[in-house]
Amino acid sequence: MPQSPAPVVTRFAPSPTGFLHIGGARTALFNWLFSRHHGGQFLLRIEDTDKERSTQAAIDAIIAGLDWLGLDHDGEIVFQSRRAARHAEVAHALLAAGNAYRCYASVEELAEMRERAKAEGKPIRYDGRWRDRDASDAPPDVAPVIRLRAPQDGETVIDDLVQGTVTIANSQLDDMVLLRSDGSPTYMLSVVVDDHDMGITHVIRGDDHLTNAFRQFHIYDLMGWDVPRFAHIPLIHGPDGAKLSKRHGALGVEAYRDMGYLPEALRNYLLRLGWGHGDDEIIPTEQAIEWFDLDGVGRSASRFDFAKLENLNGHYLRQADDQRLVSLVLPIVAGKLGRTPDADAAQRTLLAMPGLKERAKTLLELAEGALFLTEERPLAVDEKAKVLLDTPEAREILGHAYSGLKSVSDWTAESLDLTLRNMSEVEGIKFGKIAQPLRAALVGRTTSPGIFDVLAVLGRDESLARIADQINT
RNA sequence: GAUCCCUUCGUCUAGCGGUUAGGACGACGCCCUUUCACGGCGUAAACACGGGUUCGAUUCCCGUAGGGAUCGCCA
């Protein structure tokens, strides 16, 4: 019998207190790639146990973000808040087995304890004051919390797939709260129970959770559960090396979409941020699935670099299907113009796309470059283009061009090329002297795709009319 | 303060005891050229510091400095 390969189950477990930020997106990507690489499962769990801060809008934003990035999850979404009873059940099992205990210390009392520890320069942690106290000491009117009875001697070792073997003395761990005084479970308990119940084999998350892993380890241990493999990946920092804030990259993925980035470009960028495969830079998703592994993940934090993202985006823009780009760009063009481009304009945009996408790094730039195809006469002419147009010489050249072009019967890039180059030769004018004023007249700007393509896409009537507009001003 | 983690060009990284320390982005220069791009070629640019171990350290060990994370009845 062929033995089935070790199943891999990963998960992405955001708390819905905001959008899907870039760090979360990368964590999701790594989990997704890892599970896809191993033919396993990628589950999604919403950690909405903080009722104060969790919102439906955030849940929607996270799901939309994952969807846009193309990171599809398996199975139903698990909502952590709905599993509170199960979490409490585990806490009580721990309590019954003597692996947890009730603590009656008040919030104020604990705050005071921490204050004192801080003042004395001692480590800040729960001192275990109720760990071995008899239940008969319990004050009658205080609702207790349940704390884990964590080992105090020896050490805990985690063989992290990214960080390596990390050891911590158990004396550094304190007895964390499992169940609050109102009976609700804490995050520490919930993650462990959910990861166990969901059959998670690999916990891939930000390394801000590394120290949590040591405490969570003992819940697994005391429950007699298998401990999943951990992989704590470094955080992403802003361009200045400081923690990512709203000032730089800590934007929701939809902000990147709105800045005109393609999901495949962001995926490639995020993949290379903290992960490497030799000298490879352009790694399409199919290839990434084949190559991705955890030992390619670096151990140090990396900075977010928009310049590199732009470069990658330019690459994927050039690769992208023209029709797809048109449908992405037209709404942006509509926004700039305040009206929806008609079918003709859409068609022109499609025809011009090969020349257009070569010249853009983002969809915003692409839309900017495509604007002249939808704009109506008389064309607005920008400053630089005006300079090119506002000379007697330019008008004369445009005049020649106009009559030359008027006689062209076969309005294609090839024959237009022939006509204009011929004119350049006959008149003894450098070709650039013709092309530039022509471009200014046709586009209203000094940059555009090749001039023959512009003429061809605009069509005979529109082209001639735009040239005439400039001769007659 | 305590504990843990990190440190190769400006940035992302390759390197896994012996290399002219490689690639990519960005920068600069040249070429191509009707503009802008694309593309091609090239230049500048790094092993944080100090000790060990070793015939030999960017690579292994220990310190120092710098950075980060965590220390809640938040997640």
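Throughout, a chain's letter reflects where its sequence line sits, starting with A, and its residues are numbered from 1.
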Sugar-phosphate, base or nothing in reach of A:Glu281, heavy atoms under 4.0 Å:
base
Please report, rounded to the nearest Å, how far the C1' atom of B:C25 is from the CG atom of A:Leu309.
11 Å
Sort out the partner of B:U58 for me: Watson-Crick or G-U wobble, both distances under 3.5 Å, none otherwise.
none
Does the separation of the ring centres of A:Phe304 and A:Tyr269 fall below 6.0 angstrom?
yes
hbond_proxy A:Arg359 side chain to B:U35 base (donor-acceptor, 3.5 Å cutoff):
yes
Does any nucleotide pair with B:G1 by Watson-Crick or G-U wobble geometry, both distances under 3.5 Å, and what is it?
B:C71
Name the nucleic acid region contacted by A:Phe452, choosing base, sugar-phosphate or nothing; use a 4.0 angstrom heavy-atom cut-off, strictly under.
base
B:U64 pairs with which nucleotide, Watson-Crick or G-U wobble, both distances below 3.5 Å?
B:A48
By the Watson-Crick or G-U definition, both distances under 3.5 Å, B:U19 is matched with none
If you take the centroid of each ring, where Trp contributes its six-membered ring, are A:Phe30 and A:Phe292 closer together than 6.0 Å?
yes
Rounded distance in Å - CG (A:Asp174) to P (B:U70)
16 Å
Of all the heavy-atom pairs spanning A:Pro14 and A:Leu44, show the shortest one and how long it is.
CD-CD1, 4.0 Å
Hey, does A:Thr167 reach any base, or is it just sugar-phosphate, or nothing, if we go heavy atoms under 4.0 Å?
sugar-phosphate
Nearest heavy atom decides the nucleotide; on that basis, is A:Thr447 or A:Leu210 closer to the 5' end of RNA chain B?
A:Leu210
Using a strict threshold of under 4.0 Å (side-chain N to carboxylate O), is an ion pair present between A:Asp390 and A:Arg395?
yes
The side chain of A:Arg114 is closest to which nucleotide in this list: B:G68, B:C73, B:U34?
B:C73
Determine the contact category for A:Arg147: base if any of its heavy atoms lies under 4.0 Å from a base atom, sugar-phosphate if only primed atoms, P, OP1 or OP2 are that close, otherwise nothing.
sugar-phosphate
Is there a donor on the side chain of A:Ser181 or the base of B:C73 sitting less than 3.5 Å from an acceptor on the other?
yes
In whole angstrom, what separates A:Asp175's CG from B:C71's C1'?
14 Å
Hey, would you say the A:Phe34 and A:His202 ring centroids sit under 6.0 Å apart?
yes
Check: A:Arg303 side chain, B:U11 base, donor-acceptor under 3.5 Å
no
Protein-nucleotide distance (A:Asn313, atom CG; B:A24, atom C1'), rounded to Å
16 Å
Mind checking A:Gly298 for me? I need base, sugar-phosphate or nothing, with any heavy atom below 4.0 Å counting as a touch.
nothing
5' priority, RNA chain B, between A:Gly278 and A:Ala435 [closest heavy atom]
A:Gly278
Strand partner of B:A27, provided both Watson-Crick or wobble distances fall under 3.5 Å
B:U43
Polar side-chain contact A:Lys308-B:A24 base: donor and acceptor under 3.5 Å
yes
Pairing partner (Watson-Crick or G-U wobble, both distances under 3.5 angstrom) of B:C38:
none
Minimum-distance nucleotide (side-chain atoms of A:Val145 versus B:A75, B:C73, B:U13):
B:C73
When the distance from CG of A:Leu20 to P of B:A75 is rounded to whole Å, what number comes out?
20 Å
Could you tell me whether A:Ala143 contacts a base, only the sugar-phosphate backbone, or nothing, with contacts defined as non-hydrogen atoms closer than 4.0 Å?
nothing
Any donor-acceptor pair under 3.5 Å linking the side chain of A:Asp175 with the backbone of A:Arg147?
no
A:Ser300 side chain: which of B:U7, B:A2, B:A75 is closest?
B:U7
Tell me the interatomic distance from A:Gln436, atom CD, to B:U33, atom P, rounded to whole angstroms.
16 Å
Between atom NE2 in A:His400 and atom P in B:U34, what is the gap in whole Å?
20 Å
When rounded to whole Å, the CD to P distance for the pair A:Gln319 and B:C38 reads 14 Å
